[in-house]
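Beneath this line is the structure, given in structure tokens, with notes to follow.
Numbers restart at 1 for each chain; the letters A, B, ... are given by sequence-line order, proteins then strands. Worth knowing before you read on, the calculation uses all heavy atoms, side chains too, and leaves out hydrogens, waters and symmetry mates.
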Amino acid sequence: MNYRTVLTICPYCGCGCGMYLPVLDGCLGRPIPDKTHPLSQGRLCIKGWSAHEHVASKDRLTKPLVKTQGEFKEVGWDAALDLVAARLLKIREQHGPDSLAFLCSAKCTNEENFLLQKFARAVIGTNNVDHCARL
Amino acid sequence: MTNSAPEIEDADCILVTGSNTSENHPLISSRILRAKRKGAKLIVVEPRRIHLARFADVYARQKPGTDVAWLNGLVHIILAEGWEDREFIAARTEGIARLREQVAGYPPARVEAITGISPAQLREIARLYASAARASIVYAMGITQHTHGTDNVLALANLAMLTGNIGKRSSGVNPLRGQNNVQGACDMGGLPNVLSGYQPVADPKVREKFEQAWGIEAAGGGSGSLPAKPGLTVVEMANAAAEGAVKGMYIMAENPILSDPDVNHAREALQNLEFLVVQDIFLTETAALADVVLPGSSFAERDGTVTSTDRSVQRMRRAIDPPGAARADWEIVCDVANRVQRNTQHATRGWNYTSPSQIMDEIARLTPSYGGMSYERLEREWLRWPCRSLDDPGTEFLHQGQFTRGRGLFTPVDYREPAEKIDEQYPFILTTGRIVFHYHTGTMTRRSPSLEREVHAGFVELNPDDAQQRGIRDGEMVTVASRRGKIEIKAQVTPTVSRGVVFIPFHFAESAANVLTTRALDPVAKIPEYKVCAVSVDRCQHPEVVMKCQV
Amino acid sequence: MNTPEVEIRERVRQLLDDDRLPGVLGLRAEHGHVGPHVFNSADDLTALVLEPRYGMALVCQAILDGSPKGRLGVVARGCDERALIEMAKLGQVDLARLVLIGLACSEQQARECMCTRPYPRRIDVGEKVAGVAPGDDARVQQLLAQDVQARLAFWQSEFNRCIKCYGCRNVCPVCICDACVLEEMCWVERGKIPPELPFHLIRAYHIADKCILCGACESACPVDIPLTTLYALSQARLKELFDYEPGLDVTQKSPLTTTLEETPLHEL
Ligand code: SF4
Ligand code: SF4
């Protein structure tokens, strides 16, 4: 029996409610609201209470996919990453950095967003960076 | 938000507008309701009779897209009655004379003609708001998603400054951000014109700082230095892709195919790309169009920080490993960056992070408002930005004593009509939004059985009088069409909406509200006008020949 | 004298080291927050704390269900123990697999919770203080003084705030159905907030003879609906009519599971 509770934040709205995710032998259970969270105080809305449900969905992507002739094929990470790097570089060479555009994400962490905009600006060389804050 | 979220419960007057708070920010609405029980006055101004309206001391229903008019009307009444906070105006603001002159054009009778809010109601709102010691404004996308969204926000700021209701505990202007880290994505420079902490790309000093930190100068070659020209916004990207100016896109965990306005156009735009890479946890409508899909992590597998709507920076912690070969999103971005750099001469520094905590250290070094943050501190302290140094305890509410620019500037704004007008063919105003049971484009919530059980399909809210006139019964399928497309959707006949207005939540791909919406943008913030477009609503005469929406 | 916290830590250490229990469920302070945690080693015990109050019974159930055998220790207050007893009656937990460390609540805690029995049957740590009889609080008395119409209006206005988070149900230790009727559309319209009155009334009578008044529902309610007050009213009736309290003894059966002839069902 290995039971852990891991303190984290609800993935949904910007309230940022606190929850413990219970993990029993590797399986995620229903969140336990964090009673010591200054905003949520041990409460959640229905989305927060159901936040674990999509994680175990059978639709989760588990391998990189590359489309060839309109069909996705599962590939290894090296193949996928090499292809991404090569295609981005080729487009930049042919059409310049501003022919590439990047979307950060309101669902990802600060660190991830910081890195993606750093990648776009410092490595690719374009300010075409946005996310769906406005949407 | 200028205030922290828990402070709201101690406000003594709360004006909620353009926010269906109980459905979209439930745990903030619970503070509003608490304030109400502690004796606060609650004012709700919303085109839809939302859940919070039941508890309001004044509920006013404005015509969608007329916010500047009633907000100017409030300023007009407050000045006419002498209810403004003269001390605050004198000490902390400038431009009152111009404002006074401009709102003279918004007497209650004219406001009523534009907005539908009666002079008596408007006066009552003005009185309650202006007479409160700690009045707070709470708003969301209902204010910003307009072609004049920036004007709406300025008009709200005018109202708050006029009455001295800003820069105090429990009193301020509080936009609610819709997603777990939309605040953070903005803070981190996920915007075309600014680097992290809203430092403008156009400022050479800012660029130099980042260039040095990232070793861009030292390496030379490649693009050489950071680009100075602001880039494209989401909707502009889609336009540029459609025109062929943008050839490749990298999309991290977003689903613009459902969230962009006029999605048929967004879809064509993405299809027109030479290369599209999408990093996500599901094969979303957008990922399905990609050339390469990279499997990322769900929230339960994430390590890092997010910034909630009240600027609190909070840790997310990995509870389980991602499934199969899926990986942490930050690792994926690092790998792509390293591979791109391997194939070019120029190299930037710092792509060998071993943990998100190192990335946060870099963020703190380069971002003044996050300057005092570290994982070590976040273990012990509750930090809201701005938090500039290691001994800065963070900031509970903004603008205490001084505004960012020094004195607060009153900016007169004029009412302008929404971009699209109703006519005989499209006689209804469509406004879009969310419901409590789902979230954004539904990629996560529609895969949650508990949420899908509550609501599993889209619907259009239609006023009973309108329904009767068109012979539409509750629960019947109807066709909703705009100048851009049409969808088939179930009618929900309800007085929640007024006559002439319909509402559709945008979570549902099968009946995507954004097939209908317009690409018209606010000229400054570039926010699309999701809250107003003209549509027709008709009974499905021949359901079999109605074109299903293509998403 | 040692603080209750120190005493509890010592009891937990004994269970782990001397009695070789694989784990003891308690509360841990970490990252500046406090939440349920299974302590596996005596080395971590400095992080063990007693506040705030989290319902432990459902966590016990989840852990026991997830591992077919083995015992678990748990720091249990009066309400946790009553919850576990009631759950055992309903076949939800095997009490033989649990080792309870009984913690009696302070007077202040008891008052905050309007607790009927702020102590477990066996007290390991803390001093027994008197509880409040169900329904014997100002809120309830005030309500009972009003007529039915006024009471209905009061509850209706409270329930209007409900955002259908199901939190009250989710944290309830005696809400045990696999298929919950609150989710059935024949009883409560789906996808609407606030839900209609049946949502709350169905819950109230489903737990009418099981509610151990732990207050977990009310403290999970994002809109502060005084749910315990409602349930305390029915518990007061149960006590008055049948002299019965749920959660006291595994062998006691609910008086509501009897026939009209007053013969307990299990004797038929
Ligand atoms: S639990 Fe609900 S209110 Fe809290 S962050 Fe999640 S979605 Fe928002
Ligand atoms: S906890 Fe409160 S808001 Fe949630 S379902 Fe129960 S009564 Fe409604």
Side-chain angles (χ1 to χ4, degrees), chain A residues 1-60 106-114 135, chain C residues 21-40 49 51-56 58-72 97 162-171 182-183 190-191 193 195 215-225:
Chain A
M1 184 269 297
N2 179 6
Y3 180 85
R4 294 179 295 125
T5 50
V6 181
L7 181 64
T8 194
I9 304 299
C10 172
Y12 293 118
C13 85
C15 291
C17 297
M19 54 171 67
Y20 284 91
L21 288 177
V23 185
L24 182 66
D25 295 324
C27 286
L28 205 58
R30 179 151 76 193
I32 300 173
D34 172 9
K35 292 202 171 193
T36 49
H37 190 277
L39 176 68
S40 56
Q41 301 176 315
R43 297 118 194 255
L44 299 169
C45 78
I46 187 170
K47 290 189 289 293
W49 276 110
S50 321
H52 61 302
E53 291 183 0
H54 74 275
V55 173
S57 161
K58 58 177 185 353
D59 298 345
R60 282 292 300 274
K107 298 180 190 77
C108 290
T109 62
N110 288 327
E111 291 75 6
E112 287 155 351
N113 282 300
F114 184 81
L135 314 182
Chain C
L21 272 192
V24 178
L25 174 65
L27 296 180
R28 174 173 65 168
E30 197 195 28
H31 316 305
H33 293 243
V34 177
H37 173 72
V38 174
F39 292 87
N40 301 113
V49 295
E51 306 284 338
R53 206 169 52 88
Y54 274 84
M56 291 298 193
L58 284 176
V59 182
C60 285
Q61 184 194 17
I63 296 172
L64 294 185
D65 280 358
S67 38
K69 53 179 190 296
R71 295 195 306 159
L72 177 75
R97 293 178 61 195
C162 176
I163 54 167
K164 216 181 183 192
C165 70
Y166 290 96
C168 47
R169 177 202 66 181
N170 294 349
V171 296
L182 299 181
E183 296 169 354
R190 287 176 174 168
I193 66 161
C217 48
E218 189 168 322
S219 70
C221 179
V223 291
D224 308 311
I225 299 175

### Task
Report the C-alpha distance between Tyr20(A) and His37(C) in whole Å, list the side-chain angles of each, state the deciding distance to 0.1 Å, and finish with yes or no for side-chain contact (heavy atoms from CB on, under 4.5 Å).
CA-CA 10 Å; Tyr20(A) 284 91; His37(C) 173 72; over 6 Å; no

Least distance between heavy atoms, [X] atom then [Y] atom:
X         : Y         : result
Arg43(A)  : Asp224(C) : NH1-OD1, 2.8 Å
Tyr54(C)  : Thr36(A)  : OH-N, 4.2 Å
Arg53(C)  : Lys35(A)  : O-NZ, 2.7 Å
Cys45(A)  : Ile163(C) : CB-CD1, 4.3 Å
Arg169(C) : Arg30(A)  : NH2-NH1, 4.2 Å

### Task
Return the option, out of Asn170(C), Val38(C), Val223(C), with the maximum number of heavy-atom pairs under 4.5 Å with chain A.
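Heavy-atom pair counts peak at Asn170(C).
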
### Query
Looking at Pro222(C), Pro52(C), Gly23(C), which makes the most heavy-atom pairs under 4.5 Å with chain A?
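Winner by heavy-atom pair count: Pro222(C).
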
### Query
Between Leu44(A), Asp34(A), Ile32(A), Leu7(A), which has the largest tally of heavy atom pairs under 4.5 Å with chain C?
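The candidate making the most pairs under 4.5 Å is Asp34(A).
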
### Task
Considering only heavy atoms, give the residues of residues 65-72 of chain C separated from chain A by less than 4.5 Å, sorted numerically, with 'none' for an empty result.
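Hits under 4.5 Å: Gly66(C), Ser67(C), Leu72(C).
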
### Query
Heavy atoms, side chains only, cut-off 4.5 Å: are Asn40(C) and Tyr3(A) in contact?
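With C-beta onward as the side chain, the pair stays apart.
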
### Query
What part of Pro36(C) gets closer than 4.5 Å to chain A, counting heavy atoms only: side chain, backbone, both or neither?
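Both parts, heavy atoms under 4.5 Å.
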
